[in-house]
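I have placed the structure first, in the form of structure tokens, so that the comments after it can refer back to it.
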Amino acid sequence: MARRAVRHSQEAYDVLGFTRTVPPGARRTGVDAENTLRAGDCYDGGLLGLEDKTVDGAYRMVHDWALDDVPESQAVPGLRRLRRRLQEDGWTVSSYREGGKDGQEWSLYVRRDGEDERMSFTWSPDRRYFTGGATAPCACDTGWTEGDGTSWSPSDAADQVRPPVLGPGRP
């Protein structure tokens, strides 16, 4: 699932036209470039979605990335191009907002296969900061066994993987 999330991010990165190489990691989140993987809980939906409980041994992998110092001349046409491309590729746009002249953020949120796969992109004109992220469907940790007495957390799945370098034309 990590590879799947990273692949979606890489495809979006290419469509956006970014040319910088971003190594794995993050120094100062929200300020510097970022390229990280994390895992979150999966929920069973419960009876009619009312008793949403976490599923033991299941995780949802998320690839987060960001770039600092992104000018409007790159962010704005890139987001417009990405919106068109994702729609052509079968993604549903759940939200799209073009920022205003008063420094409002630009944002694009898409989903596919119901809510199982999602991506989000935001550009902040006043900070010239661009964030992106891709979420893969839930998966089960094959190394976890129910009732074996060991505790488990979604972060256990993320601890086993590291994102590759994010950059132009990467596989």
Side-chain angles (χ1 to χ4, degrees), residues 1-40 42 59-139 154-171:
M1 287 301 137
R3 280 191 298 274
R4 189 172 181 167
V6 169
R7 184 178 69 243
H8 289 321
S9 288
Q10 182 62 62
E11 291 168 358
Y13 195 86
D14 289 339
V15 172
L16 287 160
F18 293 130
T19 57
R20 278 194 268 169
T21 299
V22 185
R27 286 194 348 235
R28 294 179 300 167
T29 301
V31 177
D32 295 320
E34 175 183 352
N35 177 9
T36 58
L37 281 167
R38 62 184 167 86
C42 288
Y59 64 93
R60 179 180 302 276
M61 192 64 70
V62 180
H63 180 236
D64 293 311
W65 58 273
L67 290 174
D68 56 334
D69 199 27
V70 176
E72 179 177 353
S73 62
Q74 188 172 27
V76 170
L79 275 169
R80 288 176 175 156
R81 187 172 49 250
L82 182 61
R83 178 183 181 205
R84 283 189 306 272
R85 171 66 73 80
L86 291 173
Q87 287 177 308
E88 290 169 3
D89 290 347
W91 291 82
T92 300
V93 174
S94 17
S95 173
Y96 177 70
R97 184 180 72 199
E98 294 194 354
K101 300 224 183 277
D102 59 354
Q104 291 179 329
E105 289 184 338
W106 288 64
S107 62
L108 170 63
Y109 296 88
V110 297
R111 60 184 165 73
R112 185 166 69 177
D113 296 330
E115 291 291 325
D116 283 348
E117 291 184 290
R118 296 185 302 268
M119 287 195 287
S120 62
F121 308 92
T122 304
W123 179 65
S124 177
D126 59 336
R127 296 183 323 143
R128 296 172 46 111
Y129 196 70
F130 195 101
T131 61
T135 303
C138 287
S155 63
D156 294 342
D159 291 344
Q160 299 171 29
V161 293
R162 183 176 163 100
V165 170
L166 184 65
R170 301 278 175 168

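Computation of the quantities below employed the complete heavy-atom set of this structure, encompassing side-chain atoms and omitting hydrogens, waters and symmetry-equivalent molecules.
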Pair Asp68 + Arg20, salt bridge at N-O below 4.0 Å: yes
Check side-chain contact (heavy atoms from CB on, under 4.5 Å) between Val22 and all other residues, then give those that pass, not counting sequence neighbours. Tyr13, Ala33, Asn35, Leu67, Leu166
Please confirm whether the backbone N or O of Arg112 pairs with a side-chain atom of Arg118, one donor and one acceptor, at under 3.5 Å? no
By side-chain contact (heavy atoms from CB on, under 4.5 Å) - contacts of Thr92 (at least two apart): Arg111
Report the C-alpha distance between Leu108 and Thr122 in whole Å, list the side-chain angles of each, state the deciding distance to 0.1 Å, and finish with yes or no for side chain to side chain contact (heavy atoms under 4.5 Å, CB included). CA-CA 7 Å; Leu108 170 63; Thr122 304; over 6 Å; no
Listed by chain and number, what are the side-chain contact (heavy atoms from CB on, under 4.5 Å) partners of Val161, not counting sequence neighbours? Ala2, Leu37, Met61
Run the ring pair (Phe, Tyr, Trp, His ring centres under 6.0 Å) test against Tyr109 and tell me which residues pass, sequence neighbours left out. none
In chain order, what residues pass the side chain to side chain donor-acceptor pair (under 3.5 Å) check against Arg97, with sequence neighbours excluded? none
With disulfide bond (SG atoms under 2.5 Å apart) as the rule and sequence neighbours excluded, what pairs involving residues 95-139 come up? Cys42-Cys138
Using the side chain to side chain donor-acceptor pair (under 3.5 Å) criterion, which residues pair with Asp116? Sequence neighbours excluded. none
Can you list the residues that meet the side-chain contact (heavy atoms from CB on, under 4.5 Å) rule with Gln104, with sequence neighbours excluded? Asp102
Ring pair (Phe, Tyr, Trp, His ring centres under 6.0 Å) partners of Phe121, counting only residues at least two apart: none
Sequence neighbours left out, what passes side chain to side chain donor-acceptor pair (under 3.5 Å) with Arg80? Give chain and number order. Glu98
Which residues pass the side chain to side chain donor-acceptor pair (under 3.5 Å) test with Arg128, not counting sequence neighbours? Asp69
Glu117 and Thr135: CA distance, side-chain angles, deciding distance, side chain to side chain contact (heavy atoms under 4.5 Å, CB included) verdict: CA-CA 6 Å; Glu117 291 184 290; Thr135 303; over 6 Å; no
Which residues pass the ring pair (Phe, Tyr, Trp, His ring centres under 6.0 Å) test with Phe130, not counting sequence neighbours? Phe18, Trp65
